[in-house]
Number of protein chains: 2
Amino acid sequence: MTDLATRVVGAEPTPSFSPLYQQIKGLLLRSLQGGEWRPGEAIPSEMELAARFKVSQGTVRKAIDELAADNLVVRRQGKGTFVATHAEERTQYRFLRLQPDDADATALRRRLLECRRLRAPADVARALDLKAGESVVLIRRLLLQGEQPVVLDEIWLPAAPFKGLSAERLAANRGPMYAYFEAEYGVHMSRADEKIRAVPATGDGAQALAVPEGTPLLSVERLSYTYGDKPVELRRGLYRTEAHHYRNVLT
Amino acid sequence: MTDLATRVVGAEPTPSFSPLYQQIKGLLLRSLQGGEWRPGEAIPSEMELAARFKVSQGTVRKAIDELAADNLVVRRQGKGTFVATHAEERTQYRFLRLQPDDADATALRRRLLECRRLRAPADVARALDLKAGESVVLIRRLLLQGEQPVVLDEIWLPAAPFKGLSAERLAANRGPMYAYFEAEYGVHMSRADEKIRAVPATGDGAQALAVPEGTPLLSVERLSYTYGDKPVELRRGLYRTEAHHYRNVLT
DNA sequence: TAGTGGTCTAGACCACCTC
DNA sequence: AGGTGGTCTAGACCACTAA
């Protein structure tokens, strides 16, 4: 069999050897980024991909194994391999690590506060890799446990890929917000980074969360990325932690 | 080749099939728990293990792959596979997710406050899976950035496996505390769970961290496990987040 | 029954480390 | 030179799904 590795390495000025399956993974990633297969769709079978790339099925398998480990695809025995999607997930809030202290607490409800367009402040522009002053969408919303507000979110999105996003359309959507972004704008969030601090409640935040000024709150700044490590969402959350905690597993 | 899977399945009342490599992984886990190979030591080569378990080298490889993914074992090409250890790690604080906002900040220094034995309070006993009133060791310490206190830790350990632990011996140790626990008591921390909240500084905590009462702090409760999901350490930390943040990667 | 992913094997060769 | 893990292949068979 022709060695794809050799061919690709040969084309590079610096060899920088990488195993065949890594190169296959890279090709599959490109197809995912390019939208050849959309979230929820099946990608070709391992045998088909092996034929396409002229490698053995085992090599394709190892490439797909890594994509599955990164949560970019989902394998289903007997059916095929599918592009990961937020649409068919059991969890309403994919990246929310906040949990009720009582396991039997009711699910969180959403309340949209506002959704408007504005010019990106410098810090937001920097985080989203935009030019200062480019148009962004700002969404503010509450998550409530019963009548009790628990989370105040401020969501910043670049306006360009999210053209036409409005309070009305957001309010009409039932499922996860990330599923909506996927279906409506073709933007899939695959990974996120969070920075967490303890801060005192102030002004608007204190009022929206119905706590006295100065109450300690978790400040969670989340930057979400789509395929190719492109940042596409900056989310600033304030969490009340009297009856909830942020849970993290360290390995 | 004889099918180990069939043999094992045959012995079970409920078949509950599990693939061969999972069974091999289980056997390797048992050896790790039993201390057949100590942290830092090499485990037998893939070929040797394949011969011992009467399976192919590829099957052993897949079992070891999973152990490596769980950070229980480290592979080194050309040398062998080694039991994970905290002794030879670049990071002083293996599970500490707190980072300085400025990347170029100096490393954290430790200051031991106390180390004493006492009867386990009910909540600590429950977390560590002990009977109420069993003997535990309590360590309190500070982490400082320059002269500025940043973290106040309260560390609870079951007294039995940590016999002879004292302030003097702790103070004499230079490297990571987890490396010391490994070398001295043969206890390796492999995994941990954290619950994070925002709380106001009070009393002792405020004083130790040199902040006014009521200052918002991160409260981080960490339960660490050794092989076999046995809890062996409860750590309650208070983090100042004026110049630091807790960083988390979501996938 | 046919197609998919999942497991297991056996063997070849490569990259890296040590002696 | 010899041993280790890392890659790649080819083929067999199993488990699950759907028509």
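Numbers restart at 1 for each chain; the letters A, B, ... are given by sequence-line order, proteins then strands. Note that the structure is a prediction, hence the values are computed from the model and not measured.
- The existence of a salt bridge linking A:Lys195 and A:Glu221 is excluded, since no basic side-chain nitrogen approaches an acidic carboxylate oxygen closer than 4.0 Å.
- Between B:Tyr246 and B:Tyr239, the ring planes lie parallel to each other; the angle is under 30°, not in the 30° to 60° tilted range.
- If you take CD of A:Gln57 and P of D:dC13, they are 16 Å apart, rounded to a whole angstrom.
- When distances are taken from the side chain of A:Pro19 to each of C:dT7, D:dG6, D:dT7, the shortest belongs to D:dT7.
- Contact check on B:Arg222 versus B:Asp153 returns no salt bridge, with no Lys/Arg side-chain nitrogen under 4.0 Å from an Asp/Glu carboxylate oxygen.
- Picking from D:dG5, C:dG6, D:dT9 the nucleotide with the shortest atom distance to the side chain of A:Glu46 gives C:dG6.
- With the end axes of the helix from C:dT1-D:dA18 to C:dT18-D:dA1 each set by five pairs, the angle from one to the other reads 10° at 10° resolution.
- The phosphate of D:dT9 has OP1 or OP2 within less than 4.0 Å of a side-chain N or O from A:Thr59.
- Between B:Ile43 atom CD1 and D:dT4 atom P the separation is 12 Å, expressed in whole Å.
- There is no side-chain donor-acceptor pair under 3.5 Å between B:His244 and B:Asp101.
- Taking the charged nitrogens against the carboxylate oxygens, A:Glu36 and A:Arg30 have no contact shorter than 4.0 Å, which rules out a salt bridge.
- The pair A:Asp65-A:Arg75 counts as a salt bridge, with a side-chain nitrogen and a carboxylate oxygen less than 4.0 angstrom apart.
- Distances shorter than 4.0 Å separate some side-chain N or O of B:Arg61 from OP1 or OP2 on D:dG6.
- In summary, B:Asp70 and B:Arg191 do not engage in a salt bridge, as defined by a charged side-chain N under 4.0 Å from a carboxylate O.
- One atom, NZ of B:Lys54, and another, P of C:dA10, lie 13 Å apart when rounded to the nearest Å.
- Per the geometry, CG belonging to A:Leu49 stands 17 Å off C1' belonging to D:dT9, to the nearest Å.
- Ring planes of A:His86 and A:Phe95: perpendicular class, angle over 60° (limits at 30 and 60°).
- Of the side-chain N and O atoms in B:Ser56, none sit less than 4.0 angstrom from OP1 or OP2 of C:dC8.
- Legend: residues meeting side chain to side chain contact (heavy atoms under 4.5 Å, CB included) with A:Gln77, ordered by chain and number and at least two apart, are absent.
- B:Tyr21 places its OH atom 9 Å from the P atom of C:dG6, with the value rounded to the nearest Å.
- Contacts between residues 62-81 of chain A and DNA chain D, defined by a heavy-atom separation below 4.0 Å, involve A:Lys62, A:Gln77, A:Gly78, A:Lys79, listed by number.
- Counting to the nearest Å, the P atom of C:dA2 and the CE atom of A:Met47 are 16 Å from each other.
- Atom CD of B:Gln22 and atom C1' of C:dT7 are 11 Å apart (whole Å).
- Distance B:Leu20 CG to D:dA15 C1': 15 Å, rounded to the nearest Å.
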